[in-house]
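Below is one structure, written out as structure tokens, with a few remarks after it.
Numbers restart at 1 for each chain; the letters A, B, ... are given by sequence-line order, proteins then strands.
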Amino acid sequence: MPIPPNDYDLNDPILQNLNDAQFEAVTHDKGPLLILAGAGSGKTRVITRRIAWLVRYKSVFPSRILAVTFTNKAADEMRERVATLLGHEDAPRWMGTFHSICLQWLRRYAERLGYPKDFVIYDDRDSTSAVKSILKRFGLPKEGASSYTYFIDNVKNAGKSASDLLAATVRREYVEVYEAYQDDLKSNGAMDFADLLLLALELLQDHEDIRREIQSHFDYVLVDEFQDTNDVQYQLLQQLVQEHRNLCVVGDDDQSIYSWRGAQIENILEFTDNYPEAKVVTLGNNYRSTSKILEAASRVISYNDSRYEKALTAMRGPGHPVIVHANLNEKYEAEWVVAKAIECMEDGARWSDIAVFYRTNAQSRVFEDSFGAMGIPYRVVGGMRFYQRKEVKDVIAYLRLIVNPADSIALERIFNVPPRGIGPATIDKARAAMTGPEDSLLMALARVGDQAGGAVGKRISSFIAMLTDLAVKAKEMNAEQVLRETFDKTGLLEFFEKDETPEGRSRVENVQELLASARQFYETTGLDDVGAWLDKVALVQPLDEGGGNEAVSLMTVHAAKGLEFPCVFVCGLEHGLFPLSQRPSAATYAAPIGREALAEERRLMYVAMTRAMDKLHLCYAATRMRYGQTVAGRPSVFLTELPRSAIKLV
DNA sequence: ATCTCTTCTGTTTTT
DNA sequence: CAGAAGAGAT
Ligand SMILES: Nc1ncnc2c1ncn2[C@@H]1O[C@H](COP(=O)(O)OP(=O)(O)OP(=O)(O)O)[C@@H](O)[C@H]1O
């Protein structure tokens, strides 16, 4: 029985501290709902409260709500906030990224699509390896590998099939490589990130019974950061809510920063074309930033055309002006940031209130050095990702091969790590001996070994016996135990330990950390299945805990999306770096930047600036090391777009 | 097949 | 300046 509005208990934490527009959105009943609003206007607050409201006031079962977030971290945070409002037992179970949600469905239904239940997930490096081996097979130059990978990812994110491509004007070899790639992954029992979405969509579109089953699970679907969904994701949503149309999407077109991953701003701007009956709520108050910060950010984004203009009023006082500072080079820049960070701390901020943003991960190095030199705790969020490191990938490749022996990319990685007398020539033979999609590289290698006999044959058969043995044992073990057993049987850890260079030692540390992460996974989830841990490893990048809770955060602007900090530094504001130009040649620092690309860079700048609550610093360096060479830069256009009245040059 | 030394090549952004 | 890939020696 719905409670009439005047009976709402406004002291209920679920309904407290909401303005009229927010309240309206939170308590919207059935049917589509679009919340299109600027930065810091409380969009995430609305979506969180709305979930709680549905459960508490509409008696919706928590398990019948699906909430999609952009990152796993955002999902964790939302789960935590909803749990605070409702208690842990009433927090919805289905909260996560599109990828993690699709994976859960695919684990159940993969066989219906001709994939094994134990399929593995390829990251972009694995994809590139797969492409390279196809190029080799086709006799095409392997230099182009990344452009093929890029092409394949784009095509899949746009939801196009091979036949769509043939119609379009795409070079034939691209289509051929694309098709070979899909076939290879399938026969390897592997899916890449785009497949997780695309194949989940296929489940819903082509399998009536599965569609009904999944659709009947959810009464309400809510999506945060909707401006960064791609076509496939949007189609998934449309399938899910087909019957009840209870779809709530939340976003800001000015914060769309993932077009390179297929994100379509049109999804949010044209939402009402697909859902004409949608209720549209705009939130016009910014609660996060001081008015000077908001004024500066709003001015910058106003230089973009074709936006959906949203009035945004600062709810806070003027505060400090935005500080703009020029530096001699990137080292001075980092030192200036550290000095200013110390000032912030002396003014009462905690280290964790401070964040440093940059455009590219490579820039983090100097800041790490400078904060480290002053003994200030810091953590690098994202960055050179842990699970992508060579040694970590090697270890994981063993586990993948144990779970899924068809994974040829994993086998090619580790067949001779540590060296066991099986060389590239032998693997080439095995590859040539493969008979078709039903065959696997590992089986072919076994046959080659049998035929060869002698020393090589013996090495191969003992390698295969070892893997088989591990696979049998793994069924009875959790991930940590399998890792230890693998180290024991392969001598992998000793192999890494033999290298006593600093890099070698850090490799060993990373492998140890991997063990710890596997142990922690088992302790927190109770899942003793190696496959479950591999899924987690593929989808969730670890939050870098270096420096503990009380640490300055260093991250790319992309990683900062959705976050807020009292004290923010946006660094490297040079033409060619931020905005970044696509082809930075060695000689000239900056190439021309296209209009659309510049607009997206500007949105990125807007995201960066609007993360700041109290203090915002913008800085750049006159020269910077790039490719080991010092190059001169000039200030970013975005700096020239700042309003005089809100900034202070120091 | 393996090890070591040299060349080269390349850089957004992330699920 | 890396990190990967290639060449050449053992
Ligand atoms: N009605 C309100 N009264 C007071 N503070 C609010 C209100 N609504 C939101 N806030 C605060 O404003 C800040 C921004 O909220 P939130 O993160 O939900 O905004 P957002 O629209 O999701 O931001 P962005 O899109 O920039 O990530 C938060 O600190 C939140 O607690």
Nearest to side-chain heavy atoms of [X], which nucleotide of [options]:
{"X": "A/Asp124", "options": "B/dT12, B/dT15, C/dA5", "value": "B/dT15"}
{"X": "A/Asn72", "options": "B/dT14, C/dA4, B/dT15", "value": "B/dT15"}
{"X": "A/Lys132", "options": "B/dT14, B/dT12, C/dA5", "value": "C/dA5"}
{"X": "A/His99", "options": "C/dA4, B/dT15, C/dA5", "value": "B/dT15"}

Once side chain to side chain donor-acceptor pair (under 3.5 Å) is applied, do any residues pair with [X], and if so which ones, sequence neighbours excluded?
{"X": "A/Glu497", "value": "none"}
{"X": "A/Arg447", "value": "A/Asp439"}
{"X": "A/Gln233", "value": "none"}

Assign [X] to base, sugar-phosphate, or nothing according to its heavy-atom contacts below 4.0 angstrom with the strands shown.
{"X": "A/Lys561", "answer": "nothing"}
{"X": "A/Arg420", "answer": "sugar-phosphate"}
{"X": "A/Arg459", "answer": "nothing"}

*Are A/Asn361 and A/Thr556 close enough that some pair of their side-chain heavy atoms sits under 4.5 Å apart?*
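With C-beta onward as the side chain, the pair touches.
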
Contact list (N/O, under 3.5 angstrom) for nucleotides 6-10 of chain C vs protein:
residue: C/dG6; atom: OP1; partner: A/Lys142; partner atom: NZ; Å: 3.0

*Which comes earlier along DNA chain B counting from the 5' end, the contact point of A/Leu604 or that of A/Lys498, where each point is its nearest nucleotide?*
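The residue closer to the strand's 5' end, by nearest nucleotide, is A/Lys498.
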
*A/Lys561: partners by salt bridge (charged side-chain N to carboxylate O under 4.0 Å, His left out), with sequence neighbours left out*: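 With sequence neighbours excluded, A/Lys561 shows a salt bridge (charged side-chain N to carboxylate O under 4.0 Å, His left out) to A/Glu225, A/Asp228, given in chain and number order.
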
_Test your reading of the model: is there a side-chain donor-acceptor pair from A/Arg603 to the backbone of A/Gln255, 3.5 Å cut-off?_
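No, A/Arg603 side chain to A/Gln255 backbone: no donor-acceptor pair under 3.5 Å.
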
_N/O donor-acceptor pair under 3.5 Å between A/Asp407 side chain and A/Ala190 backbone_ =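 No: the side chain of A/Asp407 does not pair with the backbone of A/Ala190.
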
Are [X] and [N] close enough that a side-chain N or O sits under 4.0 Å from OP1 or OP2?
{"X": "A/Thr426", "N": "B/dA1", "result": "yes"}
{"X": "A/Asn361", "N": "B/dT14", "result": "yes"}
{"X": "A/Lys536", "N": "B/dT15", "result": "no"}
{"X": "A/Thr556", "N": "B/dT14", "result": "yes"}

Calculate the interatomic distance between [X] atom [atom1] and [N] atom [atom2]; express it in whole Å.
{"X": "A/Gln363", "N": "B/dT12", "atom1": "CD", "atom2": "C1'", "value": "10 Å"}
{"X": "A/Arg626", "N": "B/dT12", "atom1": "CZ", "atom2": "C1'", "value": "9 Å"}
{"X": "A/Met625", "N": "B/dG10", "atom1": "CE", "atom2": "C1'", "value": "16 Å"}
{"X": "A/Lys156", "N": "B/dT15", "atom1": "NZ", "atom2": "P", "value": "18 Å"}
{"X": "A/Arg624", "N": "C/dC1", "atom1": "CZ", "atom2": "C1'", "value": "15 Å"}
{"X": "A/Asn154", "N": "B/dT14", "atom1": "CG", "atom2": "C1'", "value": "14 Å"}
{"X": "A/Tyr258", "N": "B/dT13", "atom1": "OH", "atom2": "P", "value": "11 Å"}
{"X": "A/Asp394", "N": "C/dA4", "atom1": "CG", "atom2": "C1'", "value": "14 Å"}

*asked:* So for A/Arg359 and B/dT13, does any side-chain atom that can act as donor or acceptor lie under 3.5 Å from a complementary atom in the base?
replied: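 Between B/dT13 and A/Arg359, which were checked side chain against base, a qualifying N/O pair under 3.5 Å is present.
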
*Between A/Asp254 and A/Arg307, is a salt bridge (charged side-chain N to carboxylate O under 4.0 Å, His left out) present by the stated rule, with each step listed?*
CA-CA 7 Å; A/Asp254 288 331; A/Arg307 330 167 28 222; 2.8 Å; yes

*Answer yes or no as to whether B/dT15 has its base stacked against A/Phe98, where stacking requires a ring-centre separation under 5.5 angstrom and planes under 30 degrees apart.*
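Check failed, A/Phe98 does not stack on base of B/dT15.
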
_A/Tyr178-A/Tyr148 aromatic ring centre distance below 6.0 Å_ =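 So the answer is no for these two rings.
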
*Identify which one of A/Val557, A/Ile301, A/Leu618, A/Thr610 satisfies the side-chain contact (heavy atoms from CB on, under 4.5 Å) criterion when paired with A/Met605.*
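Per the side-chain contact (heavy atoms from CB on, under 4.5 Å) rule, the option paired with A/Met605 is A/Leu618, out of A/Val557, A/Ile301, A/Leu618, A/Thr610.
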
*Within 45° of the six-membered ring axis of A/Tyr620 and under 6.0 Å from that ring's centre, is NZ or CZ of A/Arg634 located there?*
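Geometry flag: not set, cation outside 6.0 Å or 45°.
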
*Contacts to DNA chain B from residues 407-419 of chain A, heavy-atom cutoff under 4.0 Å, which residues?*
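Contacting residues: A/Asn416, A/Pro419.
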
